[in-house]
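Along the sequence shown, residues carry numbers from 1. Counting starts at 1 for both ligands and their atoms, following the listed order.
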Amino acid sequence: MTPGCDHNLRTTRIISILLFTAVSCIPLLAQSSPEDVKSYVPVLRSVKSKFWKIDPTLGYAVKNVGGGVYVISDNGWQSAFLVTNDGVIVFDAPASFGKNIPSAIAKITDQPIKILVYSHIHKDHIGGSAAFKSIKGLQIIALESVADFLKEMNDPNRLLPNVTFKSEKTITLGGKTVELTRHFYHSHEGDLFIYVPQAKFLMAVDCVTPGYAPFQCFDITTNFHEYLKVFDELSAYDFDTFVGGHLTDIGGKKDVEITKEFTYDVYNTVKRIHNNLDQAAVVADAAKTVGTDNEFALFKAVLDKVTNESVRELQPRWIDRLAGVDVWLPSHVRTALVYVRWDDKE
Ligand SMILES: [Zn+2]
């Protein structure tokens, strides 16, 4: 066997081995130096102008969005509550300001807190629930899978649910209704759509951040296949107010639509660049420098080339449309690349 043949065989083998190898979503840089942080473009002016005014002594702000629904935010996290004639239903208790929710509600209504709903398992959205511990008769409603996880975790900051359901539940209280529906776009134990029809209010945490690109790796989704579907699932609802659980504003249908457009642009671009790339040529080129022993390094050259070309193409299209694009785009591309390479059809 000639060295050339050996090289080609090895290249083919590397490519085929790598078809079965998974990579996790890793940021391209291990850390951000002050120079790196400074290199990001400032938050878009149109987004900055919508930051909520937070009273520093309170640490949060409350906005009445109609139909008995109020949204609470500290410009980092968001939760909400529904006031009825027979008590209050709270949607999430973030770790950051959860302890202030009971007093924030008491400023709006004399009605007692009767129900707390968990959108999903994550600490940052329900890790403030300990502040509700002393509320007598409180129902904590969550998916069965969420309750099972929390039981196993036994975290004192996340009170255990005492009412669970598998996929759908309608809550009726004081003449108002809340529709809860299970989805799988974000967390491995499931995520809820929380819908208050009378208020045209829809809350779905960690998928759409109005004004911004999604957070790292498409909001650290554990299921990009389901994430791709979430926008049409949201758009099927009749809503005026959308709460995504994060950042500096609430949104509406247009925010769901633009996040869908961004997500599909990333996905389609990565797919085209990946599927058209001459991978053997990239591996052969890298092998000229490092030889053929380090198969991981050679495969990384392929993934890096797709990532860099995708970011180079996508960033100019989106940098002026959504905030934070340059911060997280490489991570979005990596998530799409894992899906395109290992899950998707050609
Ligand atoms: Zn989450």
Could you tell me the angle subtended at the Zn ion (ligand 1) by ND1 of His122 and NE2 of His120, rounded to 10°?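 If I round to 10°, I get 100°.
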Fit a plane to each ring of His120 and His125, take the angle between them on a 0 to 90° scale, and name the class: parallel (under 30°), tilted (30 to 60°) or perpendicular (over 60°).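 Because their plane-to-plane angle lies in the 30° to 60° range, the rings of His120 and His125 count as tilted.
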Suppose we only allow N, O or S atoms; which atom of Asp206 ends up nearest to the Zn ion (ligand 1)? OD2
State yes or no: are the ring centers of Tyr212 and His246 separated by less than 6.0 Å? no
Test of ring centre spacing under 6.0 Å for Trp318 and Phe262: yes
N, O or S of His125 under 2.8 Å from the Zn ion (ligand 1):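 Checking His125: none of its N, O or S atoms is under 2.8 Å.
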With Phe91, which of Leu180, Leu192, Val178 fulfils side chain to side chain contact (heavy atoms under 4.5 Å, CB included)? Val178
